[in-house]
Amino acid sequence: MCFKGISGWFAGSVLAVFALVVAAPAPSAPAAPSTLRLYVFDCGVIRGLAVTMFGFKEGEVPPRDFAVPCYLVVHPKGTLMWDVGVIPDSAFPAGGGPVTQGISTATRTLTSQLAAIGYKPSDITYLALSHYHSDHTANANAFAGSTWLVSQVERDAMFAPKAAGIMQQDSFKALKGSRTIILKNPEYDVFGDGSVIIKSAPGHTPGHQVLFLKLAKTGPLLIAGDLYHYPEEATMNRFPTFEYSKEESAASRAMIAEFVKKTGAQMWIEHDAATFAKLKKSPAYYD
Ligand SMILES: [Zn+2]
């Protein structure tokens, strides 16, 4: 009896422990840091785009590969995902990358890069895209549970019956039902303390936007979206041939140049491979 009793107790305990393990919630996101951080992820590369697409004559600038970064901003009050890649994680085979689609290649999923620093897409407070082009939206659906920060003109263009050029509506269709904050002003202060600001910089698309960060050690930083692709677009005053409005782009570039001068911010052109090559990649971070 006694032996049976102990063994029954033992089995029951094992079951209880097993149930606890099974029922344990997925690990929660890391504790919020006390100061602002920025993580940079490698979301792929785009090869072989003609320089003529960006307003140059053949031979004026050497053709270059385009980097495709994704960024995670971690603030004491929450997190912001900024741009989500060119190739969806769902395109990766079980064993991992690289994956090539057309002229784009990615070697690591965005989810695995987030997981490496302890985050799941469902942990992320806010999602913002610099703009709707498909090389920035590939994993947008994974962040449908976040609060989406977007202007009305950009959102309207994204859900128009007919897709605009360089747009893959399927890649962000889940955002249609997301909690959304429509950005109505030239600046939106994401966490209310001036350290993470989305600035409207239209022209490349109707609601193109850029991200300004005040990092304690790194200093002020402007992540410029596709305001430029080649740095020479700034020095030689060239524009991509596929701007939504070249006039608006020119005005946005002038406004941002003034802002960068005033704030002393460094500016990162997202696609510029030379800039990207020098950046600390996650799990390292800027603070
Ligand atoms: Zn782009």
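When a ligand or atom number is given, it counts from 1 through the structure's own listing order. When reading the values below, keep in mind they use all heavy atoms of this one structure, side chains included, and skip hydrogens, waters and symmetry mates.
Other residues, nucleotides and ligands place no more than 12 heavy atoms under 6.0 Å from the CD atom of Gln168. Around NZ of Lys281, the count of heavy atoms belonging to other residues, nucleotides or ligands within 6.0 Å exceeds 12.
For the residue pair Gln266/Trp268, the side-chain donor-acceptor check at 3.5 Å is satisfied.
At the Zn ion (ligand 1), the vertex angle linking NE2 of His136 with NE2 of His271 is 100° (nearest 10 degrees).
Atom OD2 is the N/O/S atom of Asp135 found closest to the Zn ion (ligand 1). Within Asp226, OD2 is the N, O or S atom that lies nearest to the Zn ion (ligand 1).
The aromatic rings of Phe54 and Phe66 sit tilted relative to each other, their planes meeting at an angle between 30° and 60°.
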